[in-house]
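As structure tokens, the structure follows; a few thoughts come after it.
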Number of protein chains: 2
Amino acid sequence: MNTLEEVNDFVHNGHQEYLPHVSIDPVIFGYHQQKLKILLLRWKGLDGWGLPGGFIKRRELLSQAAYRILHEKTSLSDLFLQQFHVFGDSPYRVQERNASEYKEKFGLEVEPNNWLLERTLSIGYFALVDYSKVSVTTDFFTEDYHWFDVSDIPPILFDQNETVEKALLTLRLQIYHQPIGYNLLPEKFTIPEIHTLYETILGKELDQRNFSKKLIALGLIKKLDERRSIGAHRSPYLYQFEKEQYEHALQEGIVHTY
Amino acid sequence: MNTLEEVNDFVHNGHQEYLPHVSIDPVIFGYHQQKLKILLLRWKGLDGWGLPGGFIKRRELLSQAAYRILHEKTSLSDLFLQQFHVFGDSPYRVQERNASEYKEKFGLEVEPNNWLLERTLSIGYFALVDYSKVSVTTDFFTEDYHWFDVSDIPPILFDQNETVEKALLTLRLQIYHQPIGYNLLPEKFTIPEIHTLYETILGKELDQRNFSKKLIALGLIKKLDERRSIGAHRSPYLYQFEKEQYEHALQEGIVHTY
DNA sequence: ATTTTATTCTGTAAAATTTACGCATTGTAA
DNA sequence: TTACAATGCGTAAATTTTACAGAATAAAAT
């Protein structure tokens, strides 16, 4: 959606192709240089950052829509993607928007009852992606992108800071019950790498010795016979995830006790 | 919504008051005679059971809508209510419905592009209620209700058995990380009562001694100086929840380890 | 009044898990 | 060859979970 013609078609006829009143808004987490980042797009005209969202096609399954939107924006197809909450409590978003905004900001003429002006619920997804494999696609409404450190998120358009906060909270809670890392790390990784990843996500220190013991005891990772050369220091062994165990733990959860 | 006039207004003009394309569908759990039950409504014309759902008003916050719908159907206002998933992957529900169905089943004339025929996503909520306090209200579309044992759920209309399954799964998972019982038990209860509740929800036995030790150690319940008379046996002490601790655990979760 | 029956209530030892912690090993650069 | 910085491994202490049995009690039956 880049030519003016396509945009006009989307604005005026989009409701025939897409389901109005509901959007999908993914919080895309990437991991780079020991920092947890999220991807935001720079909106034209609105002078601010927004989530890389999209709409559901009328005949498309919800989960397919989420994967499609992520693929469109990042070109990724192998990723962890999970719905986590529907947002519909923002007083700002309960209001319908007005047409003059579109004229001012984007130079688009919009009829007063246009589908894009109506109230929209937002389905929050979070995705875990390999930062280095993402290539971001922008469109008519967005002109740039940036990976923000989660400790330094700017105000987000459409009252969606809450979405990011809840995504992060969900991720942190979930990591206690599900393995994480398969989609954030390269296929082969070292103990220090996955250790730092967990520390970064949880925002606290974990004893490295106990941490690796636990992952191995759970059968989630296995040691390879290769090592990575990291310059002036002892070469760490490479590990990789035990795919079956990992998938099993994703499904069943790592339940602790009662 | 009981007179034919009201129903016709809802069918033909409902889209002005309500947001199309999204419904709220609550799975209402009650606890009675040591059984976990859910509430289903009997639909007229369709000859089947359905969840007690409803629509969101255009200017209403999502959470308000959920509470309103629950209040309308059960007359309860004090309950535990939580969103748990949006369902939009049912191939059956991706199809638009046709108008003739309304004519056949309910004797209602519906225009072919009526809002009720369009594809609708379903936001799943689950509620925990005090069974004895519920008084069910039916409407034009529903003629009866029944509390079904969770181990004996009938086929549910609109392809929503998955909703009940996921609600139960969520409840069972969540009980490991959050206290449950405040809205399912009377204010004062005995150890055997809450013990049986947990066994019922989890569907497995829990050692009674260790179970009560744990709840007390977590500071979630406190012993009262009263006892309940249960006829021919030793009178059990009454307990009640420690409200602050309980709320705190609800917020923070009972995190186990890493 | 005594016995019987069904249910509540309490404590402790063993096992498992988590936490804490120190030092030897290793790959390069100096 | 040495120094440095980071990896890698093992063990003891503390905590938590699990397993398990018998005394107490309320009322009904004798």
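Order of the sequence lines sets the chain letters (A, B, ...), proteins ahead of strands, with each chain counted from 1.
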B:Leu238 CG - C:dC9 C1' separation (whole Å): 15 Å
message: Without decimals, in angstroms, what is the distance between B:Asp207 CG and C:dA15 P?
response: 17 Å
field: Nearest-angstrom distance from the residue atom CD of A:Gln208 to P of D:dC9
entry: 10 Å
message: Expressed as a whole number of angstroms, how long is the span from B:Phe211:CZ to C:dC9:C1'?
response: 15 Å
task: Output the single nucleotide from D:dT17, C:dA20, C:dC9 whose closest atom is nearest the side chain of A:Asn210.
output: C:dA20
message: Regarding B:Lys133 and B:Asp78, does a basic nitrogen lie under 4.0 Å from an acidic carboxylate oxygen?
response: no
- request: Report the nucleotide, chosen from C:dG11, C:dT8, D:dG8, that has the shortest atom-to-atom distance to any side-chain atom of B:Lys213.
  value: C:dG11
- request: Please determine which of B:Ile69, B:Leu39, B:Val129, B:Val136 meets the side chain to side chain contact (heavy atoms under 4.5 Å, CB included) test together with B:Thr74.
  value: B:Leu39
message: Less than 4.0 angstrom from a charged side-chain N to a carboxylate O is my criterion; do B:Lys204 and B:Glu199 meet it?
response: no
task: Check whether any side-chain N or O of B:Asp89 sits under 3.5 Å from a backbone N or O of A:Leu62 as a donor-acceptor pair, and report yes or no.
output: yes
Between P of D:dT15 and NZ of B:Lys214, the distance in whole Å: 16 Å
Results of side-chain hydrogen bond (donor to acceptor under 3.5 Å, both in side chains) for B:Lys166 - residues two or more places apart only: none
field: Contact state string [nucleotides 22-29 of chain D, B base, S sugar-phosphate only, - no protein heavy atom under 4.0 Å]
entry: --BBBSS-
field: Whole angstrom value for the distance that separates P of C:dT8 from CZ of B:Arg228
entry: 11 Å
- request: Could you check if a side-chain atom of A:Leu168 sits within less than 4.5 angstrom of a side-chain atom of A:Phe126, using non-hydrogen atoms only?
  value: no
